[in-house]
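These notes concern the structure reproduced below.
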Amino acid sequence: MSAVLTELPIVQAPMAGGPSTPELAAAVSNAGGLGFLAAGYRTTEAMRADIAATRELTSRPFGMNVFMPSLDAIDPAAVAAYRDLLAPEAARLGVEPGTPGARDDAYDAKIADLVSDPPAVVSFTFGCPSPDVIRALKDRGATVVLTVTSVDEARRASGADALCLQGFEAGGHRGSFTNTLDDPLALRALLPAVREITRQPLIAAGGLATAADVAGILSLGAVAAQLGTAFLRCPESGASDVHKAALTDPRYTSTAMTRAFSGRPARGLVNRFLAEHSGDAPAAYPDVHYVTAPLRRASAAQGDPDGVNLWAGESFRETTETPAADLVTALASA
Ligand SMILES: Cc1cc2nc3c(=O)[nH]c(=O)nc-3n(C[C@H](O)[C@H](O)[C@H](O)COP(=O)(O)O)c2cc1C
């Protein structure tokens with residue numbers, strides 16, 4: 001896929017929550033890679049504004065990533081219990097835990113908007129859109145990419161132009177179809193296993209940080225490498241200063257998968273909140289995301305990384321402040 005759309009086999013991962021700015025996506029696309037915007041947690045209007053802003057900065061292809069609506073069978077009592085557990089911590093921060101809101105991330109409105117005028121690529125995470133949605137986007141000329149984390153999901157992901165394989169090492173949310181941690185395969189195991197069951201182009205994501213990593217994964221049959229964490233500290237990234245600084249803070253020595261912040265497995269730096277609450281958080285996405293949001297905001301405002309979701313993949317130590325265009329060139333240089 002990438003070979004057709006872009007000069008270089010480098011995809012900048014969509015990163016919701018701030019990092020994926022129009023400046024970052026455009027810099028990557030202008031350098032010959034594929035830049036990505038992220039619709040997650042944004043309004044439809046903000047998503048459209050990001051597309052317009054990126055089109056001002058590049059005439060090259062770029063992508064938009066969409067969250068599938070949550071299918072979690074949520075236990076309100078478990079969410080309420082987690083909310084109560086966090087109340088003293090919230091009080092210390094001068095806020096109250098949040099209350100759960102919409103679970104669909106405005107999916108229908110975002111799809112209607114994207115179908116009316118899509119960017120070159122539209123990718124999905126947390127599930128597989130209906131054949132109608134895939135067809136409508138393709139009819140408007142968009143390339144459709146589905147994120148999968150297992151062989152079983154790859155088998156169920158039909159109708160797309162390419163699959164994005166996300167290994168267990170990846171930073172941020174695991175893009176699995178359901179809120180489970182089944183089949184936690186590392187990328188180098190997942191790629192050959194999926195290759196056996198499909199001929200679709202495969203974009204590989206998870207723990208990739210260097211030109212050697214990229215060359216290695218391409219040699220296993222991926223058409224492109226998708227990197228998120230590696231771009232977090234670029235000057236064009238919209239990651240918060242607290243997040244950027246934490247990636248080089250010697251206090252943080254490892255990453256772990258946790259539901260503590262959002263109710264869905266996601267990989268981040270092991271900080272106090274993650275260590276204290278991973279055992280308590282219910283599998284309830286996005287309800288837990290809403291509950292913890294005021295605490296995370298207040299911690300970030302107070303400059304305290306220990307109360308913030310510091311999403312990062314296992315290769316977080318390799319991040320640099322290199323401008324995104326130079327990073328794309330370097331990653332493709334092996
Ligand atoms: C801060 C952050 C936010 C992310 N947000 C999204 C997102 O909105 N949509 C998505 O499909 N993947 C998201 N991801 C996962 C990436 O698409 C990708 O799988 C991951 O970054 C690859 O692993 P790496 O971080 O080790 O490079 C996010 C990753 C990070 C680090």
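Quick caveat, the model's predicted, so the values are computed rather than measured. Ligands are counted one by one from 1 in listed order, and the atoms in each one are counted from 1 as well.
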For Leu227, atoms of ligand 1 separated by under 4.0 Å from a heavy atom: 27 (O)
Are Arg156 and Asp152 close enough for a salt bridge, meaning some N to O gap below 4.0 Å? yes
What protein heavy atom lies closest to atom 28 (C) of ligand 1? Include the residue and the distance to one decimal. Pro14 O, 3.7 Å
Determine, using ring centers only, whether Trp311 and His243 are less than 6.0 Å apart. no
Give the residue, atom name and distance (to 0.1 Å) of the protein heavy atom nearest atom 2 (C) of ligand 1. Met15 CG, 3.6 Å
Any idea which atoms of ligand 1 are less than 4.0 Å away from a heavy-atom of Gly313? 26 (O)
Is Asp304 paired with Arg272 through a side-chain N to carboxylate O contact shorter than 4.0 Å? no
Counting each atom of ligand 1 from 1 as listed, which ones have a heavy atom of Gln166 under 4.0 Å away? 15 (C), 19 (O)
Quick one, Tyr107 and Val133 - any side-chain contact, counting heavy atoms below 4.5 Å? yes
Give a yes or no on whether a salt bridge exists between Lys244 and Glu321, defined as a side-chain N under 4.0 angstrom from a carboxylate O. no
For ligand 1, which atoms, with element, lie under 4.0 Å from some heavy atom of Ala16? 3 (C), 4 (C), 5 (N), 6 (C), 7 (C), 8 (O)
Test your reading of the structure: does Gly228 have an N or O sitting under 3.5 Å from an N or O of ligand 1? yes
Does NZ or CZ of Arg296 lie under 6.0 Å from the centre of the six-membered ring of Phe261, at an angle within 45° of the ring axis? no
Can you check whether His289's main-chain N or O pairs, donor with acceptor, with Ser262's side chain at less than 3.5 Å? no
Do Asp132 and Arg135 meet the salt-bridge criterion of a basic N to acidic O distance under 4.0 Å? yes
Atom indices of ligand 1 within 4.0 angstrom of Gly207 heavy atoms, with elements: 23 (O), 24 (P), 26 (O)
Quick check: Thr147 and ligand 1, any N/O pair under 3.5 Å apart? no
Tell me whether the centres of the aromatic rings in Phe126 and Tyr285 are closer together than 6.0 Å. yes
Atoms in ligand 1 with a heavy atom of Trp311 nearer than 4.0 Å: 1 (C)
So which protein heavy atom does atom 15 (C) of ligand 1 come closest to, and at what separation? Gly171 O, 3.4 Å
Hydrogens and angles aside, do Ser70 and Arg103 bring a side-chain donor and acceptor to less than 3.5 Å of each other? no
Heavy-atom contacts with Gly206 under 4.0 Å: which atoms of ligand 1 show up? List them by number with element. 22 (C), 23 (O), 26 (O)
Protein contact to atom 18 (C) of ligand 1 [nearest heavy atom, distance to 0.1 Å]: Ala13 CB, 3.9 Å
Can you give me the closest heavy-atom contact between Val242 and Ala300, atom names plus distance? CG2-O, 3.8 Å
Closest protein heavy atom to atom 25 (O) of ligand 1, given as residue, atom name and distance to 0.1 Å: Thr229 OG1, 2.5 Å
Of all protein heavy atoms, the one nearest atom 10 (C) of ligand 1 is Asn65 OD1, 3.5 Å
Taking 4.0 angstrom as the limit and counting only heavy atoms of Gln226, give me the atoms of ligand 1 inside it, by number and element. 17 (O)
Is there a heavy atom in Phe67 that sits closer than 4.0 Å to ligand 1? yes
Quick look: Thr125 vs ligand 1, heavy-atom contacts under 4.0 Å, and the answer is side chain
